[in-house]
Amino acid sequence: MQKQYDVIIIGAGCAGMTAAIYLKRANLNVVMLEKNAPGGQINRTDRIENYPGFTSIDGPTLAMNMFMQTQSLGIEYRYGDVINITDKKDYKIVTTDTEELTSKAVIIASGRSPRELGLPNEKSLTGRGISWCAICDGPLFKNKDVVIVGGGNSAVQESLYLANICNKVTIIHRRKEFTADQEAQNKVLKNKKIKIHYETEVVKINEHNDKLSSIIIRDKKDKQHTIKTDGLFIYIGFQPVTNMVKELNITDSNNYILTDENMKTSISGIYACGDVIKKELYQITTAIGEAAKAAMSAKKDIE
Ligand SMILES: Cc1cc2nc3c(=O)[nH]c(=O)nc-3n(C[C@H](O)[C@H](O)[C@H](O)COP(=O)(O)OP(=O)(O)OC[C@H]3O[C@@H](n4cnc5c(N)ncnc54)[C@H](O)[C@@H]3O)c2cc1C
């Protein structure tokens with residue numbers, strides 16, 4: 001028999017966990033479905049220094065604190081890779097890779113995943129030199145040379161993290177200047193272990209014995225250079241995780257979910273919050289604020 005809930009939350013990142021806390025405290029029957037570890041992108045972050053209440057905290061600790069709060073409230077947490085949501089008007093069916101659940105409302109908090117360079121052996125070398133998470137894999141490259149691709153906040157922050165572990169960090173950035181916070185940029189520019197190539201792109205990834213061995217970069221004069229490296233960390237942006245809502249027609253042309261100011265989508269009983277929605281600022285503080293609103297909208301509508 002299908003399990004029935006008041007609200008099913010898809011994703012247990014900071015947005016999903018916040019929505020769950022609000023709903024459980026409002027005495028609703030709620031479940032969080034998560035396909036990885038709770039915490040989402042926060043788990044990939046070395047230092048968070050703009051989340052009020054903590055001058056500086058590492059991402060996995062903040063994620064675990066949030067998860068422990070959900071568990072202390074007795075919120076149900078289930079493993080599940082959500083592959084589809086069906087709108088039956090009065091109720092919704094959520095299908096995961098292992099089961100089907102039903103609810104009166106669904107909150108989508110499935111966040112974003114890193115964008116790929118699109119080079120041939122990028123996927124096959126993931127875990128063999130290529131990484132998408134400095135905090136997870138950085139220690140594997142202790143005293144080695146690594147390359148980071150990107151110039152936004154994630155690339156710049158994580159290059160500082162890697163510079164503490166690795167011998168040398170080379171940043172490859174396709175623009176003239178970074179787009180990251182000025183404070184993080186200043187730290188990178190002062191760090192002697194970090195070398196920067198502006199207006200440069202990675203055009204080829206080379207392997208030797210099934211492991212990353214070097215990359216080829218192309219500069220603005222169209223000249224190619226080879227950089228030998230043990231690790232390649234890719235931070236070139238993100239894409240929303242919305243494959244499970246393809247048939248619902250609630251996304252924009254870039255696949256971000258469209259909501260109103262109360263986090264309602266165009267379908268009654270389906271809400272979205274956090275990095276998966278179209279908005280200006282993708283941060284923890286914005287994600288959790290939207291999650292609280294999504295939860296309260298769902299509560300009101302159910303009542
Ligand atoms: C390297 C890095 C550094 C950052 N630094 C900061 C910072 O210093 N300060 C700050 O405020 N923000 C920072 N951010 C941004 C911040 O982490 C995000 O804005 C925030 O985590 C978004 O939370 P979310 O819950 O919306 O999404 P996510 O954290 O992406 O969580 C979504 C969750 O949904 C799950 N999920 C996805 N699809 C499915 C599915 N089909 N079925 C089940 N589960 C699913 C995922 O596994 C994930 O756990 C950083 C991000 C990165 C990557």
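Computation of the quantities below employed the complete heavy-atom set of this structure, encompassing side-chain atoms and omitting hydrogens, waters and symmetry-equivalent molecules. First listed ligand is number 1; within each ligand, the first listed atom is number 1.
- Ion pairing of Arg44 with Glu158 is absent here, as no side-chain N (NZ or NE/NH1/NH2) approaches a carboxylate O to less than 4.0 Å.
- Glu290 has a carboxylate O that lies under 4.0 Å from a charged side-chain N of Lys279, or vice versa, which qualifies the two as a salt bridge.
- Near Gly40, meaning under 4.0 Å from one of its heavy atoms, ligand 1 places the atoms 29 (O), 31 (O), 48 (C), 49 (O).
- For Asn50, a nitrogen or oxygen atom sits less than 3.5 Å from a nitrogen or oxygen atom of ligand 1, counting backbone and side chain alike.
- Per-residue contacts place Met244 under 4.0 angstrom from the following atoms of ligand 1 (heavy atoms of the residue considered): 41 (N).
- For atom 37 (C) of ligand 1, the closest non-hydrogen atom on the protein side is Ser110 O, 3.2 Å.
- In this structure, a donor-acceptor pair under 3.5 Å is present between the side chains of Ser214 and Asn206.
- Close approach of ligand 1 to Gly80 is summarised as follows: ligand atoms under 4.0 Å from at least one heavy atom of the residue are 42 (N), 43 (C).
- The shortest separation from a heavy atom of Tyr51 to ligand 1 is not under 4.0 Å, leaving the residue out of contact.
- The protein heavy atom nearest to atom 20 (C) of ligand 1 is Cys14 SG, 3.9 Å.
- For the residue pair Asn143 / Asn167, no side-chain donor-acceptor distance below 3.5 Å is found, with atom types taken as modelled.
- Side-chain contact annotation: Tyr91 with Gln4, donor-acceptor N/O pair under 3.5 Å absent.
- No more than 12 heavy-atom neighbours from other residues, nucleotides or ligands sit within 6.0 angstrom of OH on Tyr22.
- In this structure, Asn121 contributes its side chain and Ser124 its backbone to no donor-acceptor pair below 3.5 Å.
- Considering backbone and side-chain N/O atoms, Phe238 never comes within less than 3.5 Å of an N/O atom of ligand 1.
- Near Ile42, meaning under 4.0 Å from one of its heavy atoms, ligand 1 places the atoms 21 (O).
- For Glu158, no nitrogen or oxygen atom sits less than 3.5 Å from a nitrogen or oxygen atom of ligand 1, counting backbone and side chain alike.
- Counting only non-hydrogen atoms, the option in Ile9, Ile288, Thr286, Val82 that gets closest to atom 41 (N) of ligand 1 is Val82.
- Judged by distance alone, with hydrogens and angles left aside, the side-chain atoms of Glu122 form no donor-acceptor pair with the main-chain N or O of Glu116 at under 3.5 Å.
- Given atom 19 (O) of ligand 1, the protein heavy atom at minimum distance is Asp275 OD1, 2.9 Å.
- The number of heavy atoms from other shown groups lying within 6.0 Å of CG (Asn249) does not exceed 12.
- Among protein heavy atoms, the minimum distance from atom 33 (C) of ligand 1 is reached at Glu34 OE1, 3.6 Å.
- Aromatic pair Phe238/Tyr282: centroids not less than 6.0 angstrom apart.
- No N or O atom of Ile48 sits closer than 3.5 Å to an N or O atom of ligand 1.
- Looking at heavy atoms from C-beta onward, Lys176 lies out of side-chain contact with Tyr198 at the 4.5 angstrom threshold.
- Interface of Asp81 with ligand 1, defined as ligand atoms under 4.0 Å from a residue heavy atom, comprises 40 (C), 41 (N), 42 (N).
- At a heavy-atom distance under 4.0 Å, only backbone atoms of Ala109 (N, CA, C or O) approach ligand 1.
- Atom 25 (O) of ligand 1 has its closest protein heavy atom at Ala15 N, 3.0 Å.
- On a distance-only criterion, Gly274 and ligand 1 share no N/O pair closer than 3.5 Å.
- In this structure, a donor-acceptor pair under 3.5 Å is present between the side chains of Gln182 and Asn186.
- Using a 4.0 Å cut-off to heavy atoms of Leu33, the atoms of ligand 1 that qualify are 43 (C), 44 (N).
- In terms of protein heavy atoms, atom 10 (C) of ligand 1 is closest to Gln283 OE1, 3.2 Å.
- Formation of a donor-acceptor pair under 3.5 Å by the Lys193 side chain with backbone atoms of Cys166 is found in this model.
- At distances below 3.5 Å, not a single donor-acceptor pair connects side-chain atoms of Thr170 with backbone N or O atoms of Val147.
- His225 and Asp219 are linked by a side-chain donor-acceptor pair at a separation below 3.5 angstrom, with hydrogens and angles left out of the test.
- Scanning all protein heavy atoms for the shortest distance to atom 27 (O) of ligand 1 gives Gly111 CA, 3.4 Å.
- Note: an N/O pair closer than 3.5 Å links Lys35 and ligand 1 by distance alone.
- Of the listed options Arg112, Gln41, Glu49, Gln41 places a heavy atom closest to atom 29 (O) of ligand 1.
- Shown in contact with Thr45 at under 4.0 Å from a heavy atom are these atoms of ligand 1, numbered in order with element: 2 (C), 3 (C), 4 (C), 5 (N), 50 (C), 52 (C).
- Within ligand 1, the atoms closer than 4.0 Å to a non-hydrogen atom of Gly13 are 25 (O), 31 (O), 33 (C), numbered from 1 in the order shown.
- Summary of contacts: the protein heavy atom closest to atom 16 (C) of ligand 1 is Ile284 CG1, 3.9 Å.
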